[in-house]
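Structure record follows, encoded as structure tokens.
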Number of protein chains: 2
Amino acid sequence: MKETETGIEITLEIVCGKWKGLILWKLLHENPMRFNQLRREIDGEISSRILSRELRKLTDDGLIERIDYEMVPPKVEYRITPYGKTTASFLASMNEWGLEHKRMSTSKKEMARLINKKTQDELC
Amino acid sequence: MKETETGIEITLEIVCGKWKGLILWKLLHENPMRFNQLRREIDGEISSRILSRELRKLTDDGLIERIDYEMVPPKVEYRITPYGKTTASFLASMNEWGLEHKRMSTSKKEMARLINKKTQDELC
DNA sequence: ACAAGTACTTACAATTTTGTTACTATTCTA
DNA sequence: TAGAATAGTAACAAAATTGTAAGTACTTGT
């Protein structure tokens with residue numbers, strides 16, 4: 001009877017939090033990436049400890065893989081797996097929505113007021 | 001030079017956490033809803049305190065609105081705003097992804113193994 | 001008369017997430 | 001010879017999120 005059981009919970013489990021979505025998004029666009037490279041390129045400065053943790057979570061979930069070249073100084077690459085690549089579907093629409101609503105106004109509340117008002121006007 | 005600035009952060013700010021995505025998703029499918037009705041219909045049991053908080057956040061962000069009928073016993077309806085409706089775009093793809101990867105396997109890790117392995121085989 | 005339902009709120013506590021700082025061993029560069 | 005870079009980890013702390021229990025004022029049903 002329920003045709004709208006929620007896959008959203010499942011997706012949120014993976015992508016939720018401040019960083020995991022961003023990391024996946026980065027790796028979707030530039031595939032193997034090294035640790036510090038990721039650190040630098042993620043906007044908003046992530047600490048190495050946090051990045052390390054998030055990467056491990058993503059690895060445990062099979063979305064990315066860790067390739068350790070076992071050299072000194074260390075070289076480790078992270079690359080998105082085929083499974084990880086499937087997240088592109090929803091990450092792309094999340095990104096689009098975000099960009100759209102950033103372009104239109106800096107303030108979320110302002111934005112909401114505008115859209116809501118506009119549609120109200122149309123109804124009259 | 002950057003054409004992949006991230007709207008994802010913005011979207012995550014709104015939809016992140018355990019509940020906000022689910023609440024929006026519910027309201028997208030059954031529009032005005034009362035407080036306890038929402039509480040009952042959200043899988044995984046949300047406490048009234050949490051629901052109340054999440055609803056206020058969504059209201060503050062202009063995604064839903066609160067209609068208080070000012071009667072006793074109290075009757076309050078929550079309905080999604082036009083702005084809130086725009087979230088359907090990404091919520092739908094999140095839902096789809098989640099369902100797909102729930103159907104295919106109960107365990108995320110198992111799932112990852114299968115997909116990753118399959119693609120590897122194809123490459124050989 | 002009593003329980004249950006309405007939409008919450010308050011006070012408190014546990015849990016999770018996120019962060020900072022300092023440190024490792026080694027190599028390359030100035 | 002000093003400093004930077006590599007990919008982290010350990011110890012610790014703050015902040016955010018989520019939760020529980022109890023209560024409000026009133027009505028409806030048994």
Side-chain angles (χ1 to χ4, degrees), chain A residues 6 8-24 26-27 30-61 63-79 108, chain B residues 6 8-24 26-27 30-61 63-80:
Chain A
T6 168
I8 289 183
E9 310 168 74
I10 297 162
T11 307
L12 278 178
E13 268 175 41
I14 279 174
V15 88
C16 203
K18 213 167 157 187
W19 303 112
K20 284 194 286 184
L22 290 189
I23 294 168
L24 284 172
K26 274 286 171 206
L27 282 172
E30 191 177 343
N31 197 353
M33 269 193 144
R34 298 177 65 179
F35 186 87
N36 280 327
Q37 190 187 4
L38 263 167
R39 236 194 114 182
R40 271 183 251 109
E41 291 196 20
I42 285 176
D43 345 346
E45 278 307 286
I46 184 172
S47 72
S48 60
R49 191 208 157 196
I50 302 300
L51 179 56
S52 169
R53 267 175 81 134
E54 300 301 301
L55 287 172
R56 193 161 35 228
K57 283 184 210 161
L58 290 170
T59 307
D60 288 348
D61 282 346
L63 295 156
I64 64 177
E65 59 183 337
R66 198 187 106 108
I67 296 136
D68 191 339
Y69 288 88
E70 313 215 359
M71 28 166 68
V72 150
K75 177 176 177 185
V76 177
E77 274 181 0
Y78 290 90
R79 68 177 66 203
K108 263 181 294 180
Chain B
T6 169
I8 289 184
E9 309 168 75
I10 297 161
T11 306
L12 277 178
E13 266 174 42
I14 279 175
V15 89
C16 203
K18 215 167 157 186
W19 304 113
K20 284 194 285 183
L22 290 189
I23 294 169
L24 284 173
K26 274 284 171 210
L27 283 172
E30 191 176 343
N31 198 353
M33 269 193 144
R34 298 179 64 178
F35 187 86
N36 280 328
Q37 189 187 4
L38 262 169
R39 234 194 116 182
R40 272 183 251 108
E41 291 197 19
I42 285 176
D43 344 347
E45 279 305 288
I46 184 172
S47 73
S48 59
R49 191 210 158 195
I50 302 299
L51 180 54
S52 170
R53 267 176 80 132
E54 299 303 301
L55 287 171
R56 194 163 31 229
K57 282 183 210 161
L58 289 170
T59 308
D60 287 348
D61 282 345
L63 295 155
I64 65 177
E65 59 181 338
R66 198 187 106 108
I67 296 136
D68 190 339
Y69 288 87
E70 313 215 359
M71 29 166 67
V72 150
K75 176 174 177 185
V76 178
E77 273 181 0
Y78 291 90
R79 69 176 65 202
I80 202 157

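Every chain is numbered from 1 and lettered A, B, ... according to where its sequence line falls, protein lines coming before strand lines. Keep in mind that what you see is a predicted model, and the values were worked out from it rather than measured.
Within the 4.0 angstrom heavy-atom criterion, only backbone atoms of the sugar-phosphate kind lie near Tyr78(A); the bases stay farther away.
The separation between Leu51(A) atom CG and dT18(C) atom C1' is 13 Å, rounded to whole Å. Rounded to whole Å, the distance from NZ on Lys18(A) to C1' on dT18(C) is 7 Å. Atom C1' of nucleotide dG8(D) and atom OH of Tyr69(A) are separated by 17 Å, given to the nearest angstrom. Between Leu55(B) atom CG and dC8(C) atom P there is a gap of 8 Å when expressed in whole angstrom units. Following rounding to the nearest Å, Glu54(A) (CD) and dG8(D) (C1') show an atom-to-atom distance of 15 Å. When rounded to the nearest whole Å, the span between CD1 of Ile46(A) and P of dT21(C) equals 16 Å. Rounded to whole Å, atom C1' of dA7(D) lies 15 Å from atom CD1 of Ile42(A). Taking atom CG on Asn36(A) and atom C1' on dA7(D), their separation rounds to 6 Å, with Å as the unit.
Between dA7(D) and Ser52(A), no contact under 4.0 Å exists linking OP1 or OP2 to a side-chain N or O. Between Arg56(A) and dT9(D), a side-chain N or O to OP1/OP2 separation shorter than 4.0 Å is present. Regarding contacts with the backbone of dT9(C), every side-chain N or O of Arg53(B) stays at 4.0 angstrom or more from both OP1 and OP2.
Mapped onto DNA chain C by nearest heavy atom, Pro73(A) and Gln37(B) fall at different nucleotides, with Gln37(B) at the one closer to the 5' end. Both Lys57(B) and Ser48(B) lie close to DNA chain D; mapped to their nearest nucleotides by heavy-atom distance, the more 5′-ward contact belongs to Lys57(B).
The minimum heavy-atom distance linking Leu12(B) with Val15(A) is given by the pair CD2-O, 3.9 Å.
Considering only the side chain of Pro74(A), dT6(D) comes nearest among dT18(D), dT6(D), dA7(C). Which of dT20(D), dC8(C), dT27(D) sits closest to the side chain of Ser47(B) comes down to dT20(D). Listed nucleotides dA7(C), dT27(C), dA7(D) differ in distance to Arg66(B); the shortest reach to its side chain belongs to dA7(C). Out of dG8(D), dT6(D), dA7(C), the shortest distance to the side chain of Phe35(B) is found at dA7(C).
Considering only heavy atoms from C-beta on, Trp19(A) comes within 4.5 Å of Ile46(A) through its side chain.
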Decide side chain to side chain donor-acceptor pair (under 3.5 Å) for Glu77(B) and Tyr69(B); before the verdict, give the C-alpha distance in whole Å, the side-chain angles of both, and the deciding distance to 0.1 Å. CA-CA 8 Å; Glu77(B) 273 181 0; Tyr69(B) 288 87; 3.0 Å; yes
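A distance of 11.5 Å separates CD1 of Ile23(A) from NZ of Lys26(A), quoted to the nearest 0.5 Å. With values rounded to the nearest 0.5 angstrom, Leu22(A) atom CG is found 6.0 Å from Ile42(A) atom CD1.
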